[in-house]
Amino acid sequence: EHFGEINFMKGGIIFADQVTTVSPTYTREIQGGVMGAGLDGLLRSLSWKLTGILNGIDMEQWNPATDKHLPASYDRDTLGGKEIAKRALVSESGLRYQAGTPLIGAVSRLVEQKGFQLLTPILPRILQAGAQFVLLGSGESHLEREFQRVASEHREACSVTIGFDNALAHRIYAGCDMLLVPSLYEPCGLSQMYALRYGTLPVVRLTGGLADTVIPYDGSNAHVANGFGFVTPSPADLYAATWTGILNFKDSGVWRRLQQNGMRTDFSWDRSAREYEAIYRRAASAA
């Protein structure tokens, strides 16, 4: 019973031996009132059997050393091919290449959950700050129109492609310096994992799986950091995090270290599978 109705999800959670979500942070978030969708009290009472396990990605399909969609291959020790990919993406997008200018990308559904309404008010400021931007996505018509308007007013710095193109998505992950993922909530998220795999530093809202995969650089943690982050879902905080990335892009030594940190991370399904196996064994032993 659920507020006078029948809720089969609630029944499944109650009678399951173990319950999993797709990231540790999301597991904690759904035990709160905002993210719990009315099940937060139940989930808190059964927290002993809740586990968050990050999704994995196909490490062969998303591999800059072998990706056939790219104009040049590279890996974390030889990043020269990434600059070739950037130049090619700038040309393909109809932008003007400028040495030392960070190229920021986004590949996403344009819907409220993904947080791109936070970006539209500040995108012109990001471009004026000395960055370029490429977007591939589709979704709510008002967001599509707003991004297209900005692109029409900044033709040498902003490119917007409405729709989806898998090959272009690969080239954006490879050719960009940063990737924006400003989600209001994100149970796991895959785009930040693809970006890290390709040496592209994510700028994310620290929620759900984004908080579990991106370690924001704070000026003192270059040995572990791999991106930039913000907490409050506001245009001002998204701008601040992006601006921090733009500033640090100028330090090639730090930037390369952050890139290599991200490219070194294991996001394979092998890692996830080992954790799921442990959960299944725990459930079987309790049966």
Side-chain angles (χ1 to χ4, degrees), residues 57-107 126-127 129-136 156-159 161 165-181 190-204 213-217 219 221-228 241-268:
I57 62 173
D58 186 327
M59 299 287 277
E60 292 304 314
Q61 180 182 358
W62 298 95
N63 184 354
T66 59
D67 193 331
K68 302 301 183 184
H69 299 299
L70 308 186
S73 60
Y74 63 93
D75 57 32
R76 71 171 181 258
D77 297 316
T78 56
L79 284 165
K82 185 168 177 62
E83 179 63 21
I84 296 173
K86 178 178 179 177
R87 287 176 177 267
L89 178 61
V90 167
S91 176
E92 177 182 1
S93 302
L95 307 180
R96 182 166 63 89
Y97 179 80
Q98 300 177 37
T101 296
L103 181 61
I104 302 172
V107 179
I126 291 173
L127 301 176
Q132 294 179 314
F133 180 71
V134 293
L135 167 70
L136 172 63
E156 290 189 346
C158 182
S159 172
T161 301
D165 180 325
N166 180 58
L168 177 56
H170 280 248
R171 292 193 291 274
I172 289 175
Y173 288 122
C176 285
D177 300 298
M178 293 184 278
L179 187 86
L180 299 186
V181 192
L190 298 177
S191 61
Q192 82 280 9
M193 297 185 191
Y194 300 148
L196 290 167
R197 179 81 166 135
Y198 282 71
T200 298
L201 304 190
V203 179
V204 306
T213 51
V214 177
I215 302 172
Y217 179 57
N221 62 344
H223 61 295
V224 293
N226 58 16
F228 306 92
T242 307
W243 175 242
T244 300
I246 292 172
L247 289 178
N248 281 283
F249 179 74
K250 301 178 185 301
D251 188 330
S252 59
V254 168
W255 196 264
R256 184 180 181 89
R257 193 169 184 187
L258 301 184
Q259 287 178 303
Q260 292 175 326
N261 290 343
M263 297 180 78
R264 192 176 294 113
T265 308
D266 180 9
F267 291 123
S268 70

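The figures here come from the full heavy-atom set of this structure, side chains too, leaving out hydrogens, waters and symmetry mates. All residue numbers refer to positions in the sequence shown, counting from 1.
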Novice: Main chain of Asn261, side chain of Thr265: is a donor-acceptor contact present, judged purely on distance under 3.5 Å?
Specialist: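 The answer is yes, because a donor-acceptor pair under 3.5 Å joins these two groups.
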
Novice: Quick one: list whatever passes salt bridge (Lys or Arg N to Asp or Glu O under 4.0 Å) with Asp67, sequence neighbours left out.
Specialist: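 None.
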
Novice: Output all residues satisfying ring-ring contact (aromatic ring centres under 6.0 Å, His included) with Phe133, sequence neighbours left out; order by chain, then residue number.
Specialist: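 Not a single residue meets the ring-ring contact (aromatic ring centres under 6.0 Å, His included) criterion with Phe133.
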
Novice: Please check if the side chain of Arg76 supplies one atom and the backbone of Gly199 the other of a donor-acceptor pair under 3.5 Å.
Specialist: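 No, Arg76 side chain to Gly199 backbone: no donor-acceptor pair under 3.5 Å.
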
Novice: How would you list, by chain and number, every residue that makes a side chain to side chain donor-acceptor pair (under 3.5 Å) with Gln132, sequence neighbours excluded?
Specialist: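 Per chain and number, Gln132 pairs via side chain to side chain donor-acceptor pair (under 3.5 Å) with no residue.
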
Novice: Please identify each residue that fulfils side chain to side chain donor-acceptor pair (under 3.5 Å) with Asp77, with sequence neighbours left out.
Specialist: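 Once residues adjacent in sequence are excluded, Asp77 has no partner under the side chain to side chain donor-acceptor pair (under 3.5 Å) criterion.
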
Novice: If you compare all heavy atoms of Leu196 against all heavy atoms of Asn226, which two are closest, and at what distance to 0.1 Å?
Specialist: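 Smallest interatomic distance, heavy atoms only, reads CD2-O, 3.3 Å.
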
Novice: Would you please name every residue forming a salt bridge (Lys or Arg N to Asp or Glu O under 4.0 Å) with Arg257, sequence neighbours left out?
Specialist: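 Arg257 satisfies salt bridge (Lys or Arg N to Asp or Glu O under 4.0 Å) with no residue once adjacent residues are dropped.
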
Novice: Under the rule for ring-ring contact (aromatic ring centres under 6.0 Å, His included), what residues qualify as partners of Tyr217, not counting sequence neighbours?
Specialist: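 Listed in chain order: nothing, the list is empty.
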
Novice: Backbone N or O of Pro216 within a donor-acceptor pair of the Asn221 side chain at under 3.5 Å?
Specialist: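 Yes, because the side chain of Asn221 sits within donor-acceptor range (under 3.5 Å) of the backbone of Pro216.
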
Novice: Please enumerate all residues that pass side chain to side chain donor-acceptor pair (under 3.5 Å) together with Gln260, with sequence neighbours excluded.
Specialist: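 Side chain to side chain donor-acceptor pair (under 3.5 Å) list for Gln260, sorted by chain: empty.
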
Novice: Measure from the side-chain N and O atoms of Tyr74 to the backbone N and O of Tyr198, and report whether any donor-acceptor pair falls under 3.5 Å.
Specialist: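 Between the backbone of Tyr198 and the side chain of Tyr74 there is a qualifying donor-acceptor contact (under 3.5 Å).
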
Novice: Leu247: which residues meet the side-chain contact (heavy atoms from CB on, under 4.5 Å) condition with it, sequence neighbours left out?
Specialist: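 For Leu247, the residues satisfying side-chain contact (heavy atoms from CB on, under 4.5 Å) (neighbours in sequence not counted) are Trp243.
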
Novice: Sequence neighbours excluded, which residues qualify as salt bridge (Lys or Arg N to Asp or Glu O under 4.0 Å) partners of Arg256?
Specialist: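 With sequence neighbours excluded, Arg256 shows a salt bridge (Lys or Arg N to Asp or Glu O under 4.0 Å) to no residue whatsoever.
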
Novice: Applying side-chain contact (heavy atoms from CB on, under 4.5 Å), run through Trp62 and Tyr173 and close with a yes or a no.
Specialist: CA-CA 10 Å; Trp62 298 95; Tyr173 288 122; 3.5 Å; yes

Novice: For Pro102 versus Met178, what's the shortest heavy-atom pair and its separation?
Specialist: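 Between these two residues, the closest heavy atoms are CB-CE, 4.2 Å.
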
Novice: Met263 vs Leu79, test: side-chain contact (heavy atoms from CB on, under 4.5 Å). Steps then yes/no.
Specialist: CA-CA 11 Å; Met263 297 180 78; Leu79 284 165; 3.8 Å; yes

Novice: Please check if the side chain of Lys86 supplies one atom and the backbone of Gly81 the other of a donor-acceptor pair under 3.5 Å.
Specialist: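 The answer is no, because no donor-acceptor pair under 3.5 Å joins these two groups.
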
Novice: Could you tell me which residues satisfy ring-ring contact (aromatic ring centres under 6.0 Å, His included) with Phe249, sequence neighbours excluded, listed by chain and number?
Specialist: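 Listed in chain order: Trp255.
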
Novice: Taking side chain to side chain donor-acceptor pair (under 3.5 Å) as the test, write out the residues that go with Glu156, two or more places apart.
Specialist: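 With sequence neighbours excluded, Glu156 shows a side chain to side chain donor-acceptor pair (under 3.5 Å) to Arg96, given in chain and number order.
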
Novice: Of all residues at least two apart in sequence or in a different chain, which pass the side-chain contact (heavy atoms from CB on, under 4.5 Å) check with Asp165?
Specialist: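 In terms of side-chain contact (heavy atoms from CB on, under 4.5 Å), with neighbours along the sequence ignored, Asp165 is linked to Ala167, Leu168.
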
Novice: Under the 3.5 angstrom rule, does the side chain of Thr200 hit a backbone N or O of Leu179 as a donor-acceptor pair?
Specialist: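 Absent.
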
